[in-house]
Structures are given as structure tokens and as C-alpha cells.
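Worksheet: one structure, shown below.
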Amino acid sequence: MEIRALKGTKDIFGEEMRKWLDMEQTIRGLCDDFGFTQIRTPMFEFTNLFQRSVGDTTDVVQKEMYSFIDKGENAITLKPESTAGVARSYLEHNMGADTQPVKLYYISPTFRYEKPQAGRQRQFHQFGVEMFGSDAPTADAEIISIGYELLKRIGLTKVELHINSLGDRECRQKYNEALKAFLETKKEGLCPLCNERREKNPLRVLDCKNPNCQGMFEDAPTVLDTLGEGCMAHFNKVQELLTAMGIPFVVDPKIVRGLDYYTKTVFEFVSNDIGSQGTVCGGGRYNGLIEEIGGKPTPAVGFGAGMERLILAKEAENGNTLPQATRDLFLGYRGDDATVIAYKLITQLRAAGISAESDHLQRSVKAQMKFANKIGAKYSAIIGESEMENQVINLKNMENGETREVAFSDLVAVMQEELSK
């Protein structure tokens with residue numbers, strides 16, 4: 001029996017892991033700058049959380065969730081997206097009593113049973129931000145600006161911001177009626193799934209991936225045609241703020257997002273460098289979500305960005321920009337007695353914050369030096385009989401080949417001095 005990772009899952013290690021850690025470090029620094037604090041929610045929740053929040057007519061609920069009955073006879077689902085879990089946590093822990101707005105971010109594994117593709121696995125990872133407690137257009141603009149700043153910090157320039165507004169419940173009801181009437185005229189040519197959805201949730205029809213269906217939607221009414229005065233004013237203010245902040249955008253009435261909890265502003269950052277699934281970041285406002293899961297009406301806005309897609313898009317545009325992995329010092333040895341001294345010194349070096357490495361395979365001196373080169377050691381030294389006798393080593397600068405005689409007792413101080421140059 002061959003044991004291997006499940007389809008749609010992926011091991012992350014080595015050079016790729018360095019890319020992930022670099023991205024996570026950028027994200028944490030960004031969120032600190034914007035005043036967002038991290039939240040970690042469980043990887044699984046009660047299934048009804050996602051049925052109520054995501055919408056039972058979405059592809060996520062109908063086709064993609066990993067759901068099961070646990071030993072306590074509870075219906076459980078591995079989270080297919082993270083916003084619902086964060087909203088549940090906001091409500092459960094009474095964060096509405098805290099100073100508002102509450103600004104949270106997460107980096108989390110997420111699970112959907114769908115066809116694996118570039119930048120998307122069945123277990124994938126999302127970075128997201130959520131702001132609860134403000135209905136002001138400034139909150140929408142700030143959330144969008146975080147996405148914009150992230151893409152700028154990781155060097156993405158070939159990304160375009162598309163924005164739209166879905167309006168409030170009244171606007172959406174008017175739009176649903178107009179869309180239903182339009183779709184009634186197209187029903188003969190629609191796929192079975194679209195015909196099933198056009199009565200239950202016509203907005204989801206526009207998400208259909210069938211090219212024939214998409215061709216029939218070209219002249220469909222847009223949600224902007226049905227926005228009320230208040231929602232249009234909100235959308236106009238968001239646009240005004242983005243312009244003042246120097247964030248370019250395109251108004252795109254076709255953006256509806258794939259989850260039912262969105263209201264008013266919706267947006268996507270789209271890259272042309274990672275294939276047909278080019279959205280690297282998307283989100284919007286979801287003022288009805290907290291109420292939907294049992295809380296009082298609470299305005300909220302946020303976005304999610306696929307970590308895999310961010311890394312893929314960054315490399316597609318800029319290549320691998322990470323410097324070579326290095327060690328400060330490789331300290332080799334010859335003989336059993338030298339081994340003890342080498343590891344004594346290595347322990348002292350590491351305690352002082354100096355990255356030190358040695359040999360674990362009883363290599364020859366020549367092979368140890370090849371290993372030092374391979375791991376990118378900045379300095380190297382070998383402890384042998386003469387070094388043991390004199391209590392000194394010849395410290396070699398691996399870049400220019402210069403050597404320096406250093407007493408064992410001075411090695412930490414000398415390395416600190418050399419590394420500070």
C-alpha cells in the first residue's frame with residue numbers, strides 16, 4: 001500500500017516554506033500598522049453555522065463542504081471559509097461590548113472539496129481581515145486599502161481593483177425581481193443548475209461557470225440599476241475615499257461574490273498572471289451576518305486572500321526574490337574529543353543569537369567544507385588536534401577567503417564583531 005498525501009493537499013517545506021514565512025511576516029507587519037489583532041478560530045464548526053451564513057444555495061454549501069457526524073452525533077464541518085467562524089467568535093465572546101470597531105485578522109487553513117488548480121487546493125490557506133461595528137464608508141475604504149497595501153508590499157503591480165455595490169436588503173430584493181424577470185426569458189437555454197437557482201437565489205446564477213450561460217448574461221440588469229439613494233451615496237463615498245487615497249479602481253457591476261452574506265460594497269483584486277482563477281483578494285461588506293447567526297444587527301466589512309495565490313502571483317511577477325538561506329558559522333571538527341569542544345562552542349554561539357551549524361554525519365574535513373558552502377555559511381572553522389592543543393581556531397570568511405586566528409574563549413565576541421560589520 002502506497003501512503004501519500006490526499007489529492008488536493010500539499011506538503012509545504014524547504015524553500016517553499018521560506019516563501020510562506022516571508023509572506024506571513026509581511027502580513028503580520030501590515031496588520032500591526034493598521035491596528036488589526038490576530039484571531040485563531042477552530043478548524044471545524046457546527047455545520048449549521050455555514051448553512052446559515054454562507055447560504056444553502058451556494059456551491060460551497062451544496063457541493064464543496066467537508067461535513068461529517070462526530071462521535072457525539074453533532075453535524076460538523078471543516079471550515080470552507082473563515083469569516084463565519086470569526087463572526088461566531090465575535091458574537092459568542094460579546095466583542096460588541098468592547099471598544100468599536102473591532103479589527104481582527106487571521107491566517108488559517110480552509111477546506112473545500114473542489115477540483116485542484118493553480119493556487120487552490122482542497123486544503124488551502126486564507127489570510128483575511130474583518131472589521132465589526134462600523135457602517136461608515138471609511139471602514140470599507142480602509143479594508144480595501146489593506147489589500148492594496150499588501151499587494152504593493154509584496155511587489156504586485158499587475159493587479160486591478162474591481163468594485164461594486166450590492167446594496168441593502170431592499171435594493172437586493174428589487175434587483176432579484178428584475179433579475180428573475182430577465183432570467184425567465186433565458187430559461188430555455190440555461191443549464192439545469194441555473195434554472196434551479198433562478199427562483200431560490202437568482203444572484204447565484206451569475207456565478208455559473210458554464211460558458212453558454214455566461215454568454216446569455218451579457219445584457220442582464222445590474223445591481224447598480226436598483227440601488228437606493230442611501231446605498232448609492234455610500235458607494236459614491238467609498239469611491240471618493242479610494243480616489244483621495246490614491247487607490248485606482250474599476251467599477252464592475254458583474255462582481256457579486258460567491259457567498260450570500262455580502263451587502264453594499266464588494267470588491268476583488270484581480271491578477272492576469274496566474275491563469276483563469278485570477279482573484280488574489282476579495283471581500284466586501286456583510287452587515288447582516290451577525291444577525292443571521294443570532295446576534296443583533298452589526299455592520300461588518302472584510303476580505304479574504306488565498307495565501308497560495310498570493311505567493312503564486314508574487315513569484316509570477318517578480319520571480320523568487322528571497323535571498324539564499326545562510327548560517328553565520330559552520331564549525332567542523334576532526335576526532336571525538338574535538339566533537340565535544342565543537343558542540344560546547346556551538347551552544348555558546350546559539351545562546352548569543354548566532355546561527356551555528358556543525359557535522360552530524362562524521363564527514364571528512366573536505367566534505368564538511370563542501371557542506372558549509374552548501375548551507376551558505378558566512379564563516380567556517382575546523383577544530384582538530386592542533387586547535388585543541390592551542391585552544392584557537394582559524395576563522396575563515398567564506399566570501400573573501402580571509403582567515404583570522406581566534407581563541408576559543410573569544411569566539412562569541414569575535415563572531416558578534418564580524419557579523420556587525
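Keep in mind it's a predicted model, so treat the numbers as computed, not measured. In what follows, every heavy atom counts, from backbone to side chain, and hydrogens, waters and symmetry copies are set aside.
- The number of heavy atoms from other shown groups lying within 6.0 Å of CG (Asn394) is above 12.
- A salt bridge between Lys152 and Glu149 is present, with a side-chain N of the basic residue lying under 4.0 Å from a carboxylate O of the acidic one.
- Heavy atoms of other residues, nucleotides or ligands lying less than 6.0 angstrom from CG of Asp70 number more than 12.
- Using a 4.5 Å heavy-atom cutoff, the side chains of Met232 and Asn236 are in contact.
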What do the steps show when you test Ile144 against Phe269 for side chain to side chain contact (heavy atoms under 4.5 Å, CB included), and what is the final call? CA-CA 9 Å; Ile144 292 172; Phe269 286 93; 4.0 Å; yes
Applying salt bridge (charged side-chain N to carboxylate O under 4.0 Å, His left out) to Lys103 and Glu142, what does each step give before you reach the verdict? CA-CA 11 Å; Lys103 300 163 71 173; Glu142 176 164 305; 3.0 Å; yes
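- Using a 4.5 Å cut-off on side-chain heavy atoms (C-beta onward), Ile163 and Val250 make no contact.
- Scanning both residues, Ser380 and Met369, for their nearest heavy atoms gives OG-CE, 3.1 Å.
- A donor-acceptor distance shorter than 3.5 angstrom exists from the side chain of Asn390 to the backbone of Ser386, with no hydrogens or angles considered.
- A distance-only check finds a donor-acceptor pair linking the side chain of Asn210 to the backbone of Asn212 [under 3.5 Å].
- Closest of all the heavy-atom pairs between Gly282 and Thr279 is N-CG2, 4.4 Å.
- In Glu405, the CD atom is not crowded: 12 or fewer heavy atoms of neighbouring residues, nucleotides or ligands sit closer than 6.0 Å.
- Side chain of Arg122 to main chain of Glu114: a donor-acceptor pair is present (N/O by atom type, distance under 3.5 Å, no hydrogens or angles).
- With no hydrogens or angles considered, a side-chain donor-acceptor pair links Asp328 and Ser355 at under 3.5 Å.
- Side-chain contact, Tyr66 with Gln123: no donor N or O sits under 3.5 Å from an acceptor N or O.
- Using a 4.5 Å cut-off on side-chain heavy atoms (C-beta onward), Met388 and Ile383 make contact.
- Under the 3.5 Å distance criterion, the side-chain polar atoms of Asn48 are left unmatched by any main-chain donor or acceptor of Gln51.
- Side chains of Ile290 and Tyr90 form a contact here, defined as non-hydrogen atoms less than 4.5 Å apart.
- Proximity of Glu357 to Arg350: side-chain heavy atoms (C-beta onward) are separated by under 4.5 Å at one or more points.
- A salt bridge links Lys254 with Glu218; the closest basic N to acidic carboxylate O contact falls under 4.0 Å.
- With Ser108 as the fixed residue, the side chain to side chain donor-acceptor pair (under 3.5 Å) test singles out one of Glu81, Arg40, Lys79: Lys79.
- Residues Arg28 and Ile107 form a side-chain contact, since some pair of their non-hydrogen atoms from C-beta on lies under 4.5 Å apart.
- The shortest distance between side-chain heavy atoms of Cys281 and Leu150 does not fall below 4.5 Å.
- A donor and an acceptor atom, one from each side chain of Ser409 and Gln391, are nowhere located under 3.5 Å apart.
- A donor-acceptor pair under 3.5 Å is absent between the side-chain atoms of Glu268 and the main chain of Val270, judged by distance alone.
- For the pair Glu16 and Lys10, the salt-bridge criterion is met [side-chain N within less than 4.0 Å of a carboxylate O].
- Taking 4.5 Å as the limit, some side-chain heavy atom of Lys314 sits within range of a side-chain heavy atom of Met23.
- Between the side chain of Tyr333 and the backbone N or O of Val340, no donor-acceptor pair lies under 3.5 Å.
- Between His360 and Tyr343, the angle of the ring planes lies from 30° to 60°, which puts this pair in the tilted group.
- When all heavy atoms of Ala313 and Ser271 are compared, the closest pair comes out as CB-OG, 4.4 Å.
- Judged by distance alone, with hydrogens and angles left aside, the side-chain atoms of Thr110 form no donor-acceptor pair with the main-chain N or O of Pro80 at under 3.5 Å.
- Judged purely by atom type and a 3.5 angstrom limit, His234 uses its side chain to pair as donor or acceptor with the backbone of Asp135.
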